[in-house]
Participant: 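I have a structure here, written as structure tokens, and I will follow up with some questions on it.
Note that this is a predicted model, so its numbers are computed, not measured. Lettering follows sequence order; numbering is per chain, from 1.
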Amino acid sequence: MRCGVPRSLRRRPVQLSGWAPLKALLPVACLPLFLGASLHAAALAPGAPDSPETGGTLRLTASSSGGTLDPQISYVHITYQMEAIVYDGLTTFAKTPGPMDRHAIPDLVEALPAPEDGGKTYVFHLRHGIRFSNGREVTPDDVAASMRRIFRANSPTAGPYYSHIVGGTECLHDAEHCTLSGGVIPDDTAWTITFHLTHPDSEFFDRLAFQHASILPADTPPHDTGNTAPLGTGPYRIASYEPNSGLVMERNPYFRQWDAEAQPAGYPDEIRYAFGLDPEAAVTAIENNQYDWMLENVPLDRQAEIGSRFSDRVRLIDQMVIYYAALNVNLPPFNDVRVRQALNYALNRKAVVIYNGGPAVSLAACQMLPTGAPGFEPGCAYTKGASPEHPAPEWKEPDLALAKKLVAESGTAGQKVVIVTPQSGGSDAIANEIRSTLTDLGYVASVRPITPVIEFSYIQNSDNNVQVGLTGWSADYPSASSFLQTLFSCATFIPHSDNSINASQFCDHKFDALMDRAAEVSLTDRKAGDALWAEASRALMAQAPAVPLDQTRRVALMSSRLHGAFDTPIYEAIFSQMKLRRAGDQP
Amino acid sequence: MNGPVDTAPPGPWQTAFRALGGNRSAMMALAVLVLIVVLSLIAPFYAHDIAHTDPFRANVAGSFMLDGRAVDIMQANDNPLHLGMTPAGPTWRPSAYMLGSDSQGRDVAARLLYGGRISLLISFSAAVLCIVIASIVGILAGFFGGFVDMVLSRLMDIMWAVPVYLFAISLSIVTISDGLKIGPFTIEADNLLIPIAIIALVYMPYAARPIRGRVMALRNADFVMAARSLGVPRWRILLVDILPNVASSIVVLAPLMAALALLTESALSFLSIGVQTPTASWGTIIQDGEGLIYSRPMVAIAPGLAIVIVVVALNVLGDGLRDALDVRETSKRGT
């Protein structure tokens with residue numbers, strides 16, 4: 001089911017003309033190229049790949065900056081993507097092309113250690129000779145300090161991702177005096193770091209690969225560094241940053257490639273990010289080669305245009321993201337499972353796909369695990385001719401008759417339903433599609449658009465009594481638990497809180513137990529664990545606490561001078577691997 | 001033998017209507033307006049019995065029949081990556097998406113007719129409301145003068161000082177989220193009374209000023225002075241002597257106010273702070289067509305053209321009325 005990169009996106013070989021007189025000039029014409037190559041080799045920056053494609057300035061654009069540069073604090077995609085080539089963790093996600101469900105690989109450590117003590121202890125061997133951008137070598141003490149700093153600096157994922165390190169809970173309550181003394185033990189002699197966990201965690205390596213576990217110098221201030229970027233170990237360092245205008249990255253003079261998959265050497269000499277251009281203007285600027293890459297998705301109204309005129313400069317990037325309508329299982333009519341199933345049967349996913357750009361960029365979703373995620377198994381419980389017990393391979397068409405029958409059995413027809421949606425063109429349209437569907441099922445439905453800035457928090461708070469809330473969720477790292485456990489476990493429903501990510505308010509202890517078992521089995525047997533996650537996904541959809549809508553692909557436009565770009569599910573783009581054509585260097 | 005025929009001279013209104021009837025431009029404008037009103041009134045018949053469509057229901061996944069074959073309403077583009085979906089274009093056949101589809105798969109022609117009902121209803125209602133309020137304010141200020149005039153005139157000055165669109169947008173934004181609460185009464189945010197009231201209010205000073213001026217001139221006219229000296233009550237002077245003499249000014253103002261109201265309603269609806277979905281007005285249809293301006297320009301052009309035609313017709317009719325009622329000349333005499 002995974003969508004591959006279309007053949008038309010692959011770069012075509014340059015066709016040489018057969019014009020004879022040109023052939024005679026070939027040696028002369030090539031002379032500057034040879035000269036350029038030798039000059040290039042002489043001027044090669046330390047740590048840069050020895051390639052004729054090395055050099056140049058990569059120009060990126062985004063509508064706004066991501067705020068703080070602190071890698072342990074920032075939780076926005078622009079910073080995550082940008083700082084993937086500035087910072088390293090003990091582990092990381094591969095910065096090479098590959099499938100979506102790849103797990104963490106070693107980065108600053110020699111190898112992924114085998115779990116000890118039933119999965120509660122890990123001994124990492126740090127690599128020798130890796131230096132921060134000030135020339136100082138990374139030591140086990142830096143690792144221990146960085147893990148403490150996650151708590152001291154109040155990293156947003158300190159609780160959910162790292163509090164199971166021994167001493168983590170105490171650090172959450174008293175960040176200032178956080179020591180993690182029993183949880184993270186550096187050994188400068190053996191050059192190791194030992195982690196002790198309170199309970200086994202099959203996703204511990206993935207969590208260490210997340211940017212909030214970046215390894216920083218031990219003397220980094222224990223607070224948000226804001227516009228000042230801490231020192232890192234990647235091939236680039238941040239030379240300047242002005243949140244209202246732009247950011248400049250230059251080569252880290254102390255970087256030497258240690259693993260081409262974990263942190264490959266970068267091609268551009270300099271990377272410049274400009275902030276302030278809206279997506280519409282950014283598309284035009286890239287069409288005109290004024291920029292090489294834009295952060296935002298190409299707006300829907302421009303996709304036909306770039307598909308026609310610049311198809312060789314477009315990349316369609318698979319994303320581990322799911323859009324869904326959360327159904328409040330504690331409020332009528334959705335406190336009746338038959339009504340939740342009815343809406344799942346009745347909603348026309350084809351319409352949803354069209355609203356989000358059509359089948360080229362949107363895939364109808366039938367479950368809360370996106371295609372390609374670990375544990376994903378194709379199957380659609382709510383389409384014509386299918387049921388939770390006998391799912392179809394994929395979504396075909398809605399089954400309005402069965403949906404109406406379920407509603408009639410529930411006796412809830414005629415009730416009022418309000419759909420809360422972020423106020424934006426695409427979401428409004430999908431909300432109206434759901435409204436029409438609910439009207440067909442006999443409900444008195446209406447749509448309440450809310451400004452996107454607060455909608456996500458609004459639908460989470462049980463005090464707001466939201467019946468249906470439209471939202472989306474993308475994973476910090478590829479895992480089934482990021483979707484199922486995070487969005488639908490009892491622990492993530494916090495009544496009366498804006499920070500209750502389980503917007504459906506779904507709590508089923510049997511389902512929780514199944515997920516715990518899947519996590520436990522994954523620790524030693526990923527394949528068996530994934531099978532259990534797939535079972536959990538089916539069990540969840542039988543309860544239907546949400547209506548999965550679709551999974552979208554990002555449409556990225558590149559300048560004509562950019563090549564070699566590839567996408568990864570986590571970072572989307574690896575800027576260090578973007579190569580610039582020499583001929584396009586002229587603005 | 002027939003005796004001499006008693007031919008009474010025609011009254012001023014009769015004369016005015018005759019003059020208006022002789023003005024071909026004004027009559028053509030009136031005919032256009034009547035035609036558009038009739039077309040708007042038959043919107044349900046067109047949608048249900050001719051186009052067989054529900055113009056308020058999204059239908060992106062649907063299709064329609066054209067020349068015996070089913071045509072998808074939303075069509076994938078034929079570029080190499082099949083990026084983007086484009087709504088069906090105009091077929092120029094009344095039974096099959098005559099003006100094409102908008103981005104939600106709705107029939108633009110049917111929405112245009114329904115939109116006309118709402119746009120015309122709002123603009124005519126707002127114009128009437130505006131004229132009624134402006135007449136009361138203008139007549140009171142002009143007739144009583146002194147303190148009453150000072151208060152009402154300063155109030156109008158304040159309203160006049162705020163740019164009309166800025167004023168309308170501000171009021172709309174305030175009322176769009178929670179509606180309007182006046183004592184025990186609540187008007188919901190999607191009630192058409194809200195844009196009607198806002199538009200009437202923002203244009204009130206523009207209509208009240210000339211009425212006040214006309215009344216001030218009439219206040220010192222001989223026949224008003226004579227009535228006063230005979231001890232006729234003020235309310236009777238207002239109703240019998242003043243009001244009939246400013247009626248021609250009010251009638252002339254009406255089409256111009258309706259044209260302004262139509263433009264303002266369209267602007268507010270285009271900005272999503274006027275008519276609320278799923279109700280359609282010409283402004284909301286233009287907004288629907290904004291993102292389709294390159295691929296399906298008809299979605300925005302059709303309501304835009306309708307607005308232009310109605311505004312021009314109203315202005316031409318207003319000019320005809322002014323000429324027929326001889327307001328300028330009367331005003332000159334009055335002042």
Participant: Under 4.5 Å from any heavy atom of chain A, what part of Ser295(B) do you find: side chain, backbone, both or neither?
Facilitator: neither
Participant: Is Ala58(B) in contact with chain A via its backbone, its side chain, both, or neither, using a 4.5 Å heavy-atom distance?
Facilitator: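 Looking at Ala58(B), backbone and side chain both touch chain A.
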Participant: Give, as side chain, backbone, both or neither, the part of Phe56(B) having an atom under 4.5 angstrom from any heavy atom of chain A.
Facilitator: backbone
Participant: Chain A contacts: which residues in residues 110-122 of chain B have a non-hydrogen atom closer than 4.5 Å to it?
Facilitator: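 So no residue qualifies.
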Participant: Between Gln319(A) and Glu572(A), is the side chain to side chain contact (heavy atoms under 4.5 Å, CB included) condition met? List the steps.
Facilitator: CA-CA 8 Å; Gln319(A) 302 179 106; Glu572(A) 288 188 359; 3.0 Å; yes
Participant: When you check the gap from the basic side-chain N to the acidic O, do Glu280(A) and Arg302(A) get nearer than 4.0 Å?
Facilitator: yes
Participant: Is the shortest side-chain N to carboxylate O distance from Asp67(B) to Arg93(B) below 4.0 Å?
Facilitator: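 Salt bridge between Asp67(B) and Arg93(B), a charged N being under 4.0 Å from a carboxylate O: yes.
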Participant: For Phe167(B) and Val162(B), work out which heavy atoms get closest and say how close.
Facilitator: CB-CG1, 3.8 Å
Participant: Most heavy-atom pairs under 4.5 angstrom with chain A, which of Gln104(B), Glu290(B), His82(B), Met74(B)?
Facilitator: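 Heavy-atom pairs under 4.5 Å are most numerous for Gln104(B).
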Participant: Quick test of your reading of the model: are Asp292(A) and Arg561(A) salt-bridged, counting only N-O distances below 4.0 Å?
Facilitator: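 Salt bridge flag = yes for Arg561(A) with Asp292(A).
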Participant: For Val555(A), is it the side chain, the backbone, both or neither that has a heavy atom under 4.5 Å from a heavy atom of chain B?
Facilitator: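 Answer is side chain: those atoms of Val555(A) sit under 4.5 Å from chain B.
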Participant: Given that the side chain runs from C-beta out, which part of Arg435(A) has a heavy atom under 4.5 Å from chain B: side chain, backbone, both or neither?
Facilitator: side chain
Participant: Got more than 12 heavy atoms from elsewhere within 6.0 Å of CZ, Arg554(A)?
Facilitator: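 Buried by this count: over 12 neighbours within 6.0 Å.
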Participant: Evaluate the side chain to side chain donor-acceptor pair (under 3.5 Å) criterion for residues Asn297(A) and Arg553(A): first the C-alpha distance (whole Å), next the side-chain angles of each, then the deciding distance (0.1 Å), finally the verdict.
Facilitator: CA-CA 9 Å; Asn297(A) 201 41; Arg553(A) 301 167 91 191; over 6 Å; no
Participant: Using non-hydrogen atoms only, which part of Asn356(A) is less than 4.5 Å away from chain B: side chain, backbone, both, or neither?
Facilitator: neither
Participant: Tell me whether the count of non-hydrogen atoms from other residues, nucleotides or ligands lying under 6.0 Å of OH in Tyr97(B) goes above 12.
Facilitator: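 Result for OH/Tyr97(B): enclosed.
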Participant: Give a yes or no on this: more than 12 heavy atoms of other residues, nucleotides or ligands lie within 6.0 Å of atom NE2 of His48(B).
Facilitator: no
